[in-house]
Amino acid sequence: MSDSSQPVFSCKDVHVWIADKEVVKGVDLEISAGEIHAIMGPNGSGKSTLANALMGHPAYTLEGTVKLAGEDVTSLSPDEKARKGMFLAFQYPVAVPGVTVASFLRAAVSAVRGTETPVREFRKELLSRMEDLAMDPAFAGRYLNDGFSGGEKKRLEILQLLMLKPRFALLDETDSGLDIDALKVVAEGINAAASQDVGMVLVTHYQRLLNYVRPHVVHVFMDGRIVRTGGPELALELEERGYDWLEPAAAGGV
Amino acid sequence: MASRPTSEPSPPTLPLEHLAELSSAAGEDRALLALRNQARESLTPLLLPDRARHLWRYTDPTRFLPDTDPTDLTPTDVGPTWRLEEPLSVAGLLAGGALRVVEVDAHARKAGVVVEDLHTAQASEFLGKAVSESHGFVEAINTAAWRGGVLVRVPAGIELEHPIRLRIVAGPLTVPRVLVVAGEGSSFEIIEGHVGGDGSRGKVLGVTEIFAESRANVRYGLVQRWDPGVVGHLTTRARVAAGARFQMSLASFGGSTFKADVGAILAGEGAEVETTGVAMGGDEQHFDHHTEHIHEAGKTLSNLDFKVALTHAARSAYTGMIRIARHAGGSEAYQENRNLLLSHDARAESIPELEILTDDVRCSHGATVAPIDPEQLFYLQSRGLANLQAMRVIVYGFLDQTLARLPQTTRERIEALVAARLHTE
Ligand SMILES: Nc1ncnc2c1ncn2[C@@H]1O[C@H](COP(=O)(O)OP(=O)(O)O)[C@@H](O)[C@H]1O
Ligand SMILES: [Mg+2]
């Protein structure tokens with residue numbers, strides 16, 4: 001077991017290449033249990049590339065060190081990372097036609113927990129989490145993300161977060177494309193996870209979500225780098241002033 | 001005379017020396033022998049199809065030439081015994097060139113369901129009427145020399161709760177013939193399962209004819225799970241009368257070279273045909289599936305959904321014919337074939353063939369050949385599923401959309417086969 005003073009997640013000097021293009025240019029992060037960090041930055045700045053590469057997407061080349069609860073997981077496969085307690089909520093969740101939400105989640109929960117949960121117990125847990133997220137039980141029988149609306153996909157990502165109970169979760173734009181009710185539900189899910197000591201990084205480019213989820217730390221991300229780190233007030237400043245005032249700082253940092 | 005076909009310039013002949021003995025030993029009548037002789041004549045000389053012709057572009061026809069005289073009456077071993085594990089209306093086992101086991105449950109018997117040895121059945125009204133010797137050389141060989149056959153006849157208006165199951169066991173050379181007659185308004189499921197193959201060799205040249213009379217509702221399954229190494233060709237044609245509905249489920253798993261030529265003739269107004277298929281190949285398996293939906297009458301509807309998943313160096317060719325006759329207006333025909341490649345070495349081809357002779361139709365077709373989507377894999381892996389398990393989930397889902405449309409019993413059977421196949425990959 002890790003001791004509690006140790007961050008649940010850290011990465012050091014992470015660079016990510018897509019083919020020959022360097023998209024992430026040196027990122028350091030340290031997140032403790034129950035801590036919420038927001039990463040905010042304009043479209044195309046490399047936030048999703050960072051998130052996917054940290055999870056182990058095979059199309060990206062990652063350099064640097066990634067640790068989960070002190071253990072170096074840099075070169076592990078995505079499924080190994082998941083089984084060690086890492087989770088990524090996708091900006092664009094992928095449809096897998098023919099596979100129902102329930103059967104997929106049962107396989108995922110079994111894989112991550114390392115034991116088969118009895119069917120009845122699993123169903124009970126699933127239905128109760130779905131109720132928390134105001135999801136129709138019929139949802140469990142639908143094919144994974146197949147024909148889902150944007151809001152349904154994002155709710156399903158949060159449902160997976162609550163079912164898989166990771167130590168550390170990266171949430172990539174889980175707030176985008178949601179109406180206000182869905183946004184509140186998603187925020188409740190995030191707060192519930194944080195209260196259970198999950199460390200989290202919320203990737204977003206809106207301040208909106210942060211009205212419902214209070215981050216401990218806010219990072220501003222531009223052109224593949226964290227250009228500024230501060231408290232929640234930094235998010236408000238971004239809301240008022242946009243990102244332009246930070247541009248020179250980013251350039252100056254090279 | 002008993003020489004095997006060679007590549008010499010003179011056309012090869014097929015030894016069918018004991019045709020008369022075969023027929024008389026089986027107790028056949030003269031009309032049936034005449035039908036056999038007529039088919040034999042069509043094979044003399046034996047002209048193999050031009051490889052440029054679409055049906056044979058992907059598979060060498062010589063693979064289906066018998067290595068021994070199919071009319072040779074040397075007894076062959078009877079295949080494995082068959083333990084029935086589910087309620088069935090009829091169970092029929094064709095093995096060793098004969099109809100070996102027939103069980104008809106009390107309800108089916110009382111309803112007048114007929115299950116007979118085709119050699120001696122009164123079937124001239126139907127036999128050869130949906131598949132004749134002119135269909136092709138494999139069908140001609142079968143029509144001349146079939147041995148071991150069954151007639152299943154369900155009387156008009158009879159609805160069978162439990163399926164009819166036919167099991168055909170492949171031996172060194174197996175030439176089975178199946179004839180199914182569904183009386184007016186009858187309703188039942190019939191599954192033709194192909195198993196066996198003598199360990200690693202075996203050749204099967206099978207023909208099945210199905211007649212769905214008006215308003216009949218027939219759910220037909222053709223499940224091929226031969227041992228590795230079997231070379232086989234199966235032809236099925238259904239004639240579907242007015243207002244009748246024919247649902248065909250294909251599941252292809254086994255053998256080394258398998259060619260299927262299956263289809264339905266929508267012969268009467270309002271006939272409906274739905275064909276659903278899955279094929280899963282691995283190793284060096286070679287699959288060649290041809291489907292035909294022939295609309296001969298107006299206001300007919302056909303739908304086809306065929307899925308292929310391949311691993312290792314497996315090969316698949318699919319050709320799908322939709323023909324709508326000039327006088328078959330008001331018809332609809334849809335066809336979709338999707339191929340999922342799970343390895344670099346697997347290859348699949350898909351060729352739709354449309355012959356639409358009237359404007360008054362609705363018709364669509366689609367075909368895809370694609371490797372497994374790396375984003376799907378990443379998504380599932382990020383949820384803790386190891387690579388192989390993630391692939392299985394994706395393949396299962398890919399096929400399940402098609403399996404979901406099958407009748408319950410066929411579906412369960414095929415799902416179990418898919419699961420078994422995926423677990424051995
Ligand atoms: N798979 C990919 N192939 C090529 N370029 C990509 C790929 N993914 C992202 N990029 C590029 O990397 C940059 C960062 O994109 P992304 O990480 O999606 O940004 P953000 O999430 O901050 O909007 C963009 O220029 C984008 O075009
Ligand atoms: Mg993004």
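Proteins come first, then strands; the chains are lettered A, B, ... in the order of their sequence lines, and each starts at number 1. It should be emphasised that the depicted structure is a prediction, and the values quoted were computed from it without experimental measurement.
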Colleague: Under 4.5 Å, counting heavy-atom pairs only, tell me which of A:Asn145, A:Val96, A:Val112 racks up the most with chain B.
Modeller: A:Val96

Colleague: Which bit of A:Leu105 is near chain B, if near means a heavy-atom gap under 4.5 Å: side chain, backbone, both or neither?
Modeller: neither

Colleague: For A:Pro93, which atoms come within 4.5 Å of any heavy atom of chain B: side chain, backbone, both, or neither?
Modeller: both

Colleague: If only atom types and distance count, is the side chain of B:Gln285 paired as donor or acceptor with the main-chain N or O of B:Phe253 below 3.5 Å?
Modeller: yes

Colleague: Students often mix this up, so state it plainly: with edges at 30° and 60°, are the rings of A:His57 and B:Phe378 parallel, tilted or perpendicular?
Modeller: tilted

Colleague: Once the angle between the rings of A:Trp17 and A:His15 is folded into 0 to 90°, is it parallel (under 30°), tilted (30 to 60°) or perpendicular (over 60°)?
Modeller: parallel

Colleague: Less than 4.5 Å to any heavy atom of chain B: does that hold for the side chain of A:Ala59, its backbone, both, or neither?
Modeller: neither

Colleague: Between A:Lys153 and A:Glu173 (salt bridge meaning N to carboxylate O under 4.0 Å), is one present in this structure?
Modeller: no

Colleague: Which one wins on heavy-atom pair count under 4.5 Å against chain B: A:Asn52, A:Leu164, A:Val109?
Modeller: A:Asn52

Colleague: Measure distances from B:Phe398 to the heavy atoms of chain A and classify the residue's part below 4.5 Å as side chain, backbone, both or neither.
Modeller: backbone

Colleague: Take the angle between the ring planes of A:Phe104 and B:Tyr379 and call it parallel below 30°, perpendicular above 60°, tilted in between.
Modeller: parallel

